[in-house]
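These notes concern the structure reproduced below.
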Amino acid sequence: MRTDAREIWPYKAVDIDARNGMVEPTSGNILTGKYPLARPLHLYTDGQPTGLAADFIEYILSEEGTIIIDDVGYFPV
């Protein structure tokens, strides 16, 4: 069962003053870095990932994985 992140996230994204006027939290502004309150997700492994860790990373970077990430309200990696 997948849960839509927008259903469980109790907060609302807001416009932010980025010193050049207000910036909306749109996907375009987040992906270009114009919206300053977004950050990338980092995955760390102890050396080259193997086993389930490698499978998971491969899956989330796959076309199917990025579609799911987008569908539930997150931004693709």
Side-chain angles (χ1 to χ4, degrees):
M1 177 178 95
R2 291 194 321 222
T3 301
D4 189 316
R6 293 165 287 211
E7 293 175 8
I8 60 172
W9 187 250
Y11 305 100
K12 180 181 179 191
V14 295
D15 296 357
I16 292 181
D17 185 353
R19 297 187 183 178
N20 294 325
M22 299 302 282
V23 178
E24 294 179 82
T26 64
S27 59
N29 287 339
I30 290 169
L31 292 172
T32 61
K34 290 180 183 177
Y35 188 76
L37 195 59
R39 64 188 180 352
L41 172 66
H42 298 279
L43 300 175
Y44 294 94
T45 61
D46 185 12
Q48 186 68 26
T50 61
L52 290 176
D55 293 346
F56 175 72
I57 293 169
E58 182 180 337
Y59 178 71
I60 63 171
L61 295 175
S62 72
E63 183 178 347
E64 180 182 6
T66 56
I67 288 170
I68 292 170
I69 289 168
D70 185 54
D71 285 349
V72 298
Y74 292 108
F75 292 97
V77 288

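Values below: every heavy atom of this structure, side chains too, minus hydrogens, waters and symmetry copies.
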How long is the gap from CD1 on I69 to OH on Y59, to the nearest 0.5 Å?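 Atom-to-atom, I69:CD1 and Y59:OH are 8.5 Å apart.
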Run the side chain to side chain donor-acceptor pair (under 3.5 Å) test against S62 and tell me which residues pass, sequence neighbours left out.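 Checked S62 against side chain to side chain donor-acceptor pair (under 3.5 Å); zero matches.
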Within a strict 4.5 Å, meaning less than it, do heavy atoms of the T66 and I60 side chains meet?
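No, every pair of side-chain atoms sits at 4.5 Å or beyond.
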**Prompt:** Do F56 and L61 have side-chain heavy atoms sitting under 4.5 Å apart?
**Reply:** no
Under the rule for side chain to side chain contact (heavy atoms under 4.5 Å, CB included), what residues qualify as partners of [X], not counting sequence neighbours?
{"X": "E24", "answer": "D15, T26, N29"}
{"X": "P49", "answer": "T45, A53, A54, I57"}
{"X": "T32", "answer": "K34"}

Which pair of heavy atoms, one from I30 and one from P25, lies closest together, and at what distance?
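Shortest heavy-atom contact: CD1-O, 3.9 Å.
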Would you say I16 ends up clustered with L31 if hydrophobic residues are merged whenever their side chains have heavy atoms under 4.5 Å apart, either directly or through other cluster members?
yes
Worksheet item: Is it the case that more than 12 heavy atoms not belonging to D17 sit under 6.0 Å from its CG atom?
Response: yes
